Amino acid sequence: MLLKDKTVIVTGGNSGIGEAIVLAAAAEGANIVIDYVAHPEETSSLIARVEEAGGKAVGLEADISSLAGLQALVQKAVEAFGSLDVLVNNAGIETRTSVLETSEEQYQKVLDINLKSAFFGTQLAAKQFILQGRGGVILNISSVHEDWPMPGNTAYCVSKGGMRMLTRTAGVELGEHGIRVLNLCPGAVETPINASTMADAGKLKSLNAAIPLGRMAKPEEIARMAVVLASNTSAYVTSTSVFVDGGIMQGSVGL
Ligand code: BGC
């Protein structure tokens, strides 16, 4: 088992990629803290699924855009399972608005949920790891859009661009403590964030045509890589980004 007895926090853990990471990490022996802000019933049924499969998970309703929420999650991990080994900064939103359309409120919300949470989550998890004295992993769920424009989704791209440099810089700073910091960058995944694209046959067709592998990813395909990156299989990987995107970033019309 790749994550046997490791304690893993997954922010935004009760839907989409977060939910898939919860299930995949639990199946590899991890104890999970599921963070959520809505749909407590989804969290309860996810915990039941983990337990039925012989795993351990607890839930905590916490707003990760505040330091208090992040601190509560770290405390929950320590209280429930004795320590913390992996923080997955997964929670994220997008507004699908251009630079001309985005309001101050939209900008602030996207940056707080996507980037501020990852920054201070990294800080608080790293402090806990240093206290424990045996390293740890911070895995940021970024996006191809940390490095690749998505016109019409500017604040989201700004947040993921910031995450790119958070990982590179914090990874360098924290390496001496045995802490690895990594970005996992999905392309288009079958999750609620892409519901409007999936509901529109024309949009879905052109999205699939732009992906060399010809289809969107299943959340489980992202979660599998998350488990590998969080585990000792990746012990020498840090301060960088790993793309799991079906080749979308390299897509070319062949001019
Ligand atoms: C965005 C999606 C988009 C995908 C591929 C993701 O990061 O959240 O809206 O479809 O990237 O471009």
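Order of listing sets the numbers, starting from 1, for every ligand and every atom in it. If you're wondering where the values come from, they're calculated on a predicted model, not measured in any experiment.
Below 4.0 Å from some heavy atom of Ser143 lie the following atoms of ligand 1, by number and element: 6 (C), 7 (O), 11 (O). In the vicinity of His145, heavy-atom distances shorter than 4.0 Å reach the ligand 1 atoms 4 (C), 5 (C), 6 (C), 7 (O), 11 (O), 12 (O). Proximity to Met150 (heavy-atom distance under 4.0 Å) selects the following atoms of ligand 1: 3 (C), 9 (O). Heavy-atom contacts of Ala188 reach the following atoms of ligand 1: 4 (C), 5 (C) (cutoff under 4.0 Å).
The closest approach between a heavy atom of Asn194 and any atom of ligand 1 is below 4.0 Å.
Salt bridge annotation for Glu61-Lys76: absent, with no cationic side-chain nitrogen under 4.0 angstrom from a carboxylate oxygen. Using a 4.0 Å cut-off between a side-chain N of Lys or Arg and a carboxylate O of Asp or Glu, Asp147 and Lys160 do not qualify as a salt bridge.
Among the atoms of Glu94, some N or O lies under 3.5 angstrom from an N or O of ligand 1. Close N/O approach between Trp148 and ligand 1 is not found [any backbone or side-chain N/O within under 3.5 Å].
Environment of CZ in Arg168: crowded, with over 12 heavy atoms of neighbouring residues, nucleotides or ligands closer than 6.0 Å. A 6.0 Å sphere centred on NZ of Lys116 holds more than 12 heavy atoms belonging to other residues, nucleotides or ligands.
Of the options Arg134, Lys6, Gln132, Gln128, a side chain to side chain donor-acceptor pair (under 3.5 Å) to Asp85 is made by Arg134 and by none of the others.
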Salt bridge (Lys or Arg N to Asp or Glu O under 4.0 Å) between Glu220 and Lys218, intermediate numbers included: CA-CA 5 Å; Glu220 300 73 32; Lys218 308 267 177 225; over 6 Å; no
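For atom 6 (C) of ligand 1, the closest non-hydrogen atom on the protein side is Tyr156 OH, 3.7 Å.
At a 4.0 Å heavy-atom cut-off, ligand 1 touches Arg96 through the side chain alone.
Counting only N and O atoms by type, the side chains of Ser142 and Asn140 include no donor and acceptor under 3.5 Å apart.
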